[in-house]
Amino acid sequence: MNKGRCRAAILISGSGTNLQAFIDRAARGNLDVDLSLVISNRPDAYGLERASHAGIETACVEHGGFTDRESFDRALAARLDEHRPDLIILAGFMRILSPWFVDHYEGRILNIHPALLPAYPGLDTHQRVLEAGDHWHGSTVHFVTEQLDGGPRVLQGRLPVNSEESAAELARRVQAVEHQIYPEAAGWFAGGRLRYRDGCAWLDGDRLDEPIVMDFD
Ligand code: GRF
């Protein structure tokens, strides 16, 4: 890790409400992470505007021009490495990362997934939770490994499901939880409390066999 504050790059593909949560925390002086760069793979991602408005450098690396996943990832990493990031924060980045990329930043990539992993990896989590009649739903911050949505879990925000609500309403409630837990977990990493070692997440020197769980309404 670089000496001094933790330098983070955020990767997005869309709206960037999680990015906004980081920006808002930083504006309140309540974030141990320096947001040095935001990269999107889509030029029309609204999150790029959010970042520019906050004075954060932005870049777009479009995936369309590359013939294979690793070539794109190498171009992405070339932009990232200009900023010497200590931490890569995936915030709605809709690309599967190659083994090369995951290895290049081993133990330094966090993702947030809108489900209580290991339940519901993949897409359409809110609809699937409602259809299954689950009583609990939420979101998980985890380290990224080669296994999609399968890396060591760090922090979960959990909330009760209201069986009457729509998938869109449930998604909105889950996102509000994400905006609390993601900057929190990134702050743990920045402060040196959270680390990835031997394929596991460690918090304050203890191996996290289960994630920390925070309950919300
Ligand atoms: C979040 O719900 C996150 O869980 C998922 O992608 C979504 C991104 O939303 N990985 P936003 O772009 O941060 O609003």
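In this text, all values refer to a predicted model and were calculated from it rather than measured experimentally.
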A.B. asks: With rounding to the nearest 0.5 angstrom, report the NE2 to CD distance, H104 to E70.
C.D. replies: 11.0 Å
A.B. asks: Inspect the contact between D209 and R207 and indicate whether a charged nitrogen and a carboxylate oxygen are less than 4.0 angstrom apart.
C.D. replies: yes
A.B. asks: Counting only heavy atoms not in R108, do more than 12 sit closer than 6.0 Å to its CZ atom?
C.D. replies: yes
A.B. asks: Is there a path of hydrophobic side-chain contacts, each under 4.5 Å between heavy atoms, that joins L116 and V161?
C.D. replies: no
A.B. asks: I'd like a table of donor-acceptor pairs (distance under 3.5 Å, sequence neighbours excluded) in which one partner is a side-chain atom from residues 91-101, with atom names and distances.
C.D. replies:
residue: S98; atom: OG; partner: D73; partner atom: OD2; Å: 2.6
residue: S98; atom: OG; partner: F101; partner atom: N; Å: 3.2

A.B. asks: Which atoms form the tightest heavy-atom contact between F189 and C6, and what is the distance?
C.D. replies: CD2-SG, 4.3 Å
A.B. asks: Should L110 and V144 be marked as a side chain to side chain contact (heavy atoms under 4.5 Å, CB included) after you check the CA-CA gap, both sets of side-chain angles, and the distance that decides it?
C.D. replies: CA-CA 6 Å; L110 289 175; V144 171; over 6 Å; no
A.B. asks: Side chains of V154 and L194: closer than 4.5 Å at any heavy-atom pair?
C.D. replies: yes
A.B. asks: Show the nearest heavy-atom pair for residues Y105 and P85, with the distance to one decimal.
C.D. replies: CE2-CG, 4.4 Å
A.B. asks: Within a strict 4.5 Å, meaning less than it, do heavy atoms of the L11 and I109 side chains meet?
C.D. replies: no
A.B. asks: Is it true that H113 and H142 have ring centroids separated by less than 6.0 Å?
C.D. replies: no
A.B. asks: Considering non-hydrogen atoms only, spot the tightest contact between S13 and S40 and give its length.
C.D. replies: CA-OG, 4.1 Å
A.B. asks: Of the non-hydrogen atoms in T125 and A115, which two are nearest, and what is the gap between them?
C.D. replies: CG2-CB, 4.1 Å
A.B. asks: What's the separation between atom OG1 in T17 and atom CD1 in I23, rounded to the nearest 0.5 Å?
C.D. replies: 11.0 Å
A.B. asks: Out of curiosity, does Y46 fall in the hydrophobic cluster containing L90 (side-chain heavy atoms, cut-off under 4.5 Å, transitive links)?
C.D. replies: no
A.B. asks: For D149 and Y120, does a side-chain donor sit closer than 3.5 Å to a side-chain acceptor?
C.D. replies: no
A.B. asks: Do Q156 and M214 make a side-chain contact, defined as non-hydrogen atoms from C-beta onward lying under 4.5 Å apart?
C.D. replies: no
A.B. asks: Could you tell me whether R158 sits above the aromatic face of F216, with NZ or CZ closer than 6.0 angstrom to the six-membered ring centre and within 45 degrees of the axis?
C.D. replies: no
A.B. asks: So if you build clusters from Ile, Leu, Val, Met, Phe, Trp, Tyr with side-chain heavy-atom gaps below 4.5 Å, do W188 and L117 land together?
C.D. replies: no
A.B. asks: Charged N to carboxylate O below 4.0 Å: is that the case for R172 and E169?
C.D. replies: yes
A.B. asks: Side chains of residues 55-65: which donor-acceptor pairs under 3.5 Å do they make with residues two or more places apart or in other chains?
C.D. replies:
residue: E57; atom: OE2; partner: H83; partner atom: NE2; Å: 3.3
residue: H63; atom: ND1; partner: N41; partner atom: ND2; Å: 3.0

A.B. asks: With heavy-atom distances below 4.5 Å as the criterion, would you say the side chains of E165 and R173 are in contact?
C.D. replies: yes
A.B. asks: Could you state the interatomic distance from CZ (R25) to CG (D32), rounded to the nearest 0.5 Å?
C.D. replies: 9.5 Å
A.B. asks: Is there side-chain contact between P114 and E178, with at least one heavy-atom pair below 4.5 Å?
C.D. replies: yes
A.B. asks: With side chains defined as the heavy atoms from C-beta onward, is the minimum distance between L87 and I89 less than 4.5 Å?
C.D. replies: yes
A.B. asks: Give, for atom CD of E146 and atom CG of D103, the distance between the pair rounded to the nearest 0.5 Å.
C.D. replies: 7.5 Å
A.B. asks: Same cluster or not: L159 versus I212, using hydrophobic residues (I, L, V, M, F, W, Y) connected whenever any side-chain heavy atoms lie under 4.5 Å apart?
C.D. replies: yes
A.B. asks: Run the side chain to side chain contact (heavy atoms under 4.5 Å, CB included) check on N111 and V141 step by step: do they pass?
C.D. replies: CA-CA 6 Å; N111 183 42; V141 179; over 6 Å; no
A.B. asks: So, taking the atom named CZ in R50 and the one named CD1 in I10, what distance separates them when rounded to the nearest 0.5 Å?
C.D. replies: 11.5 Å
A.B. asks: Using only atom types and a distance under 3.5 Å, with no angle test, would you say the side chain of D68 pairs donor to acceptor with the backbone of S71?
C.D. replies: yes
A.B. asks: State plainly whether one hydrophobic cluster holds both L37 and F72, where clusters connect Ile, Leu, Val, Met, Phe, Trp and Tyr through side-chain heavy atoms under 4.5 angstrom apart.
C.D. replies: yes
A.B. asks: Got Y182 and L155 here, is their nearest side-chain heavy-atom distance under 4.5 Å?
C.D. replies: no
A.B. asks: What I want to find out is whether R7 reaches D34 closely enough, with some N-O distance under 4.0 Å, to be called a salt bridge.
C.D. replies: no
A.B. asks: Can you name the nearest heavy-atom pair linking L48 to P43, along with the distance?
C.D. replies: CD1-O, 3.6 Å
A.B. asks: Is the shortest heavy-atom distance from the side chain of L208 to the side chain of C200 under 4.5 Å?
C.D. replies: no
A.B. asks: For F22 versus A186, what's the shortest heavy-atom pair and its separation?
C.D. replies: CE2-CB, 3.6 Å
A.B. asks: Nearest 0.5 Å please: distance from the CG atom of L170 over to the OG atom of S163.
C.D. replies: 11.0 Å
A.B. asks: Do Q127 and E131 get their side chains close enough for a donor-acceptor pair, meaning under 3.5 Å?
C.D. replies: yes
A.B. asks: Other residues, nucleotides and ligands only: do more than 12 of their heavy atoms fall within 6.0 Å of CG on D44?
C.D. replies: yes
A.B. asks: Could you tell me if R197 sits above the aromatic ring of W202, with its cationic atom closer than 6.0 Å to the ring centre and no more than 45 degrees from the axis?
C.D. replies: yes
A.B. asks: Please walk me through it: do Q180 and E184 pass side chain to side chain contact (heavy atoms under 4.5 Å, CB included)?
C.D. replies: CA-CA 7 Å; Q180 304 289 323; E184 187 73 26; over 6 Å; no
